[in-house]
Amino acid sequence: MRAPRGAARRGYAGPARALVVLVAAGFAGGSLLWTLVTGFVEPEAALAFGVLIALGELARITLPGNREVAPIASAGAIGYTFLLTVGGDDVHHSGWQVLAVVTVGFALGELPHIAAGRTPEWSDLARRMMIIVVITLGFRPFAEDLSPGSDQAAWWPALGLMVAVVLAGWLTDGVIAAAIRAERLRTRFTVALRDELRAHAGLGMAIGSSGILIALASTITGLAGLLVFTAPLLVTQVAFRRFAEVRLTYLQTVRALSRVTEVGGYVATGHSRRVSRLAKSVGCELGMRESDLLELEYAALMHDIGQLSLRDPIASGATVFALPREQRRIAELGSAVIRETGVLDSVAELVRRQCEPYAGDGEDGPPPLGSRIIKVANAVDDLVGESADPEREQAVLERLRMDGAGEYDPEVVEAAARALERASAHW
């Protein structure tokens with residue numbers, strides 16, 4: 001099976017991603033030009049927030065799902081956008097100056113990463129810029145009226161507007177992120193939107209509230225508020241970094257475990273990884289959630305681990321040629337091994353039921369969708385292997401379509417056909 005190289009590549013440039021990067025670059029360039037022409041005001045505040053944004057960008061992290069975030073930089077940018085006074089003195093910077101300071105801060109923070117060969121994910125950087133664009137356009141035009149020095153000033157309207165534009169900014173970011181994710185993974189937009197909103201809900205609230213607190217604190221404490229209210233966010237960022245590291249360790253451990261069957265000569269080299277790639281592509285085609293896709297990936301990588309208990313390995317490791325009784329025994333042994341981890345019970349259940357017909361063969365009803373996907377992906381790779389011959393792929397798919405015993409879910413087979421066709425198009 002040929003891998004969907006283009007879709008899987010981290011820097012895949014689809015129209016949505018390119019459009020977001022282009023729009024963000026337009027705002028960044030336009031704000032710099034406008035501010036250079038009109039000049040900076042309150043340079044001390046601009047410098048302090050610019051340094052905070054640069055340091056926050058330097059400390060950016062990558063969360064599960066390849067989501068690159070910079071919580072401290074984003075909170076600093078939001079705080080600068082909402083800044084009305086510093087130590088009791090009104091500030092008068094424009095929205096364009098906010099965007100110019102954010103642009104310079106982002107650029108300075110990224111330079112060390114680029115120098116070290118860690119190129120940023122441009123779409124994620126553009127999204128961070130677009131959040132500030134939305135918040136700035138929604139707040140700065142009213143800043144003069146909301147300033148404590150204004151006759152119409154009152155804190156509650158200002159606070160209400162801050163909360164409203166923060167929510168608008170994160171909702172806009174969720175839509176943009178979902179469009180890019182749906183394009184990259186070829187999955188449904190509604191599914192991607194739900195995943196993105198869930199993934200960013202907790203951290204987004206922390207960043208937004210920290211930005212508001214930084215702005216309010218600066219009113220009384222001056223620029224010292226930057227340090228006081230950045231500290232809690234720094235602790236939160238450390239916790240998220242540890243969480244991301246744990247998730248990455250999980251995946252690396254599962255991948256290493258999946259290779260045991262290959263090293264022992266029980267299955268063909270690369271079989272587990274190819275089955276995993278195809279299973280994930282099929283899952284995206286069928287609109288599976290991100291959490292379900294992760295379980296599917298784990299299960300697909302370890303679907304043959306039960307073969308380690310066989311006294312006589314199956315010829316070429318292709319379980320599709322084994323007797324149904326033998327297939328079920330391998331699945332149950334593999335499931336028992338996975339349950340020993342104590343944390344992957346749902347993955348073990350997917351592995352246990354991977355051999356059942358798509359309508360089910362007992363009181364438990366039809367097997368889960370993940371099990372049906374693994375069954376089809378495993379059969380395709382057992383019969384095609386590393387071959388890049390499209391005709392052979394089509395012949396195997398036709399064989400699965402003509403299955404008269406109800407072994408393979410027709411909807412999953414058609415999704416596999418679309419995934420394989422798309423993979424071929426990326427060559």
Side-chain angles (χ1 to χ4, degrees), residues 4 7-8 10 12 14-17 19-21 61-71 74 121 123-128 130-131 134-135 163-209 236 239-240 243-244 246-248 250-251 276-300 344-347 349-350 366 368-374 409 411-412 414-416 418-419 422:
R10 190 165 180 258
Y12 172 65
R17 178 180 181 274
L19 180 61
V20 172
V21 173
I61 57 176
T62 301
L63 297 179
N66 281 331
R67 295 183 174 89
E68 190 180 272
V69 295
S74 297
E121 176 50 49
S123 62
D124 289 343
L125 183 61
R127 284 172 42 216
R128 292 198 286 279
M130 291 305 298
I131 292 174
V134 172
I135 293 176
V163 173
V165 295
V166 164
L167 291 176
W170 287 111
L171 182 60
T172 303
D173 179 62
V175 172
I176 295 174
I180 294 174
R181 180 179 174 80
E183 182 180 73
R184 180 166 58 90
L185 297 181
R186 308 287 180 180
T187 190
R188 298 170 190 166
F189 174 78
T190 53
V191 175
L193 179 60
R194 184 176 56 195
D195 286 338
E196 291 299 328
L197 292 179
R198 182 183 294 109
H200 289 282
L203 190 57
M205 289 177 61
I207 293 173
S209 58
T236 305
F240 272 100
F243 170 70
V246 170
R247 287 283 298 271
L248 181 60
Y250 261 40
L251 185 57
S276 175
R277 280 200 297 264
L278 179 57
K280 282 186 66 178
S281 298
V282 173
C284 290
E285 284 282 346
L286 297 175
M288 293 182 73
R289 297 182 306 173
E290 184 179 3
S291 56
D292 293 335
L293 283 175
L294 184 61
E295 289 185 350
L296 176 61
E297 181 178 8
Y298 286 171
L344 296 175
D345 285 354
S346 55
V347 174
E349 184 66 8
L350 292 181
L369 177 59
S371 298
R372 285 177 273 151
I373 291 174
I374 293 173
D409 185 337
E411 186 180 1
V412 174
E414 294 308 318
R418 293 194 296 273
R422 191 170 58 251

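Count residues from 1 along the sequence. Any value given below was found using the heavy atoms of this structure, including those in side chains, with hydrogens, waters and symmetry copies removed.
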Shortest non-hydrogen contact between [X] and [Y], atoms and distance:
| X | Y | value |
| --- | --- | --- |
| Leu296 | Met288 | CD2-SD, 3.9 Å |
| Ile374 | Ala299 | CD1-CB, 3.6 Å |
| Ser123 | Arg17 | CB-CG, 3.6 Å |
| Val21 | Ala126 | CA-CB, 3.8 Å |
| Ala192 | Ala178 | CB-O, 3.5 Å |
| Glu297 | Ser276 | CG-OG, 3.4 Å |

Subject >> Test: Glu121 and Arg127 ion pair at under 4.0 Å >> reply: no

Subject >> Residues Arg128, Glu68: salt bridge by 4.0 Å N-O rule >> reply: yes

Inter-residue atom distance [X].[atom1] - [Y].[atom2], 0.5 Å rounding:
| X | Y | atom1 | atom2 | value |
| --- | --- | --- | --- | --- |
| Leu197 | Leu171 | CG | CG | 6.5 Å |
| Leu248 | Thr62 | CG | OG1 | 10.0 Å |
| Glu295 | Leu344 | CD | CG | 8.5 Å |
| Ser371 | Asp409 | OG | CG | 11.5 Å |

Is any side-chain heavy atom of [Y] closer than 4.5 Å to one of [X]?
| X | Y | value |
| --- | --- | --- |
| Val69 | Asp124 | no |
| Thr187 | Leu293 | no |
| Val134 | Val165 | no |
| Leu63 | Leu203 | yes |
| Glu196 | Arg67 | yes |
| Leu350 | Pro368 | yes |
| Leu369 | Val412 | yes |
| Ile176 | Thr172 | yes |

Original post:
Hey, is OH on Tyr250 packed in by over 12 heavy atoms from elsewhere, all under 6.0 Å?
Top reply: no

Subject >> Working for side chain to side chain contact (heavy atoms under 4.5 Å, CB included), residues Asp195 and Arg289 >> reply: CA-CA 7 Å; Asp195 286 338; Arg289 297 182 306 173; 3.9 Å; yes

**OP:** Indicate yes or no for a side-chain donor-acceptor contact from Glu183 to the backbone of Ala16 under 3.5 Å, with no hydrogens or angles considered.
**Re:** yes

Original post:
What orientation do Trp170 and His200 show, parallel under 30°, tilted 30 to 60°, or perpendicular over 60°?
Top reply: parallel

Original post:
Among Arg188, Arg418, Lys280, whose side-chain hydrogen bond (donor to acceptor under 3.5 Å, both in side chains) with Glu285 holds?
Top reply: Arg418

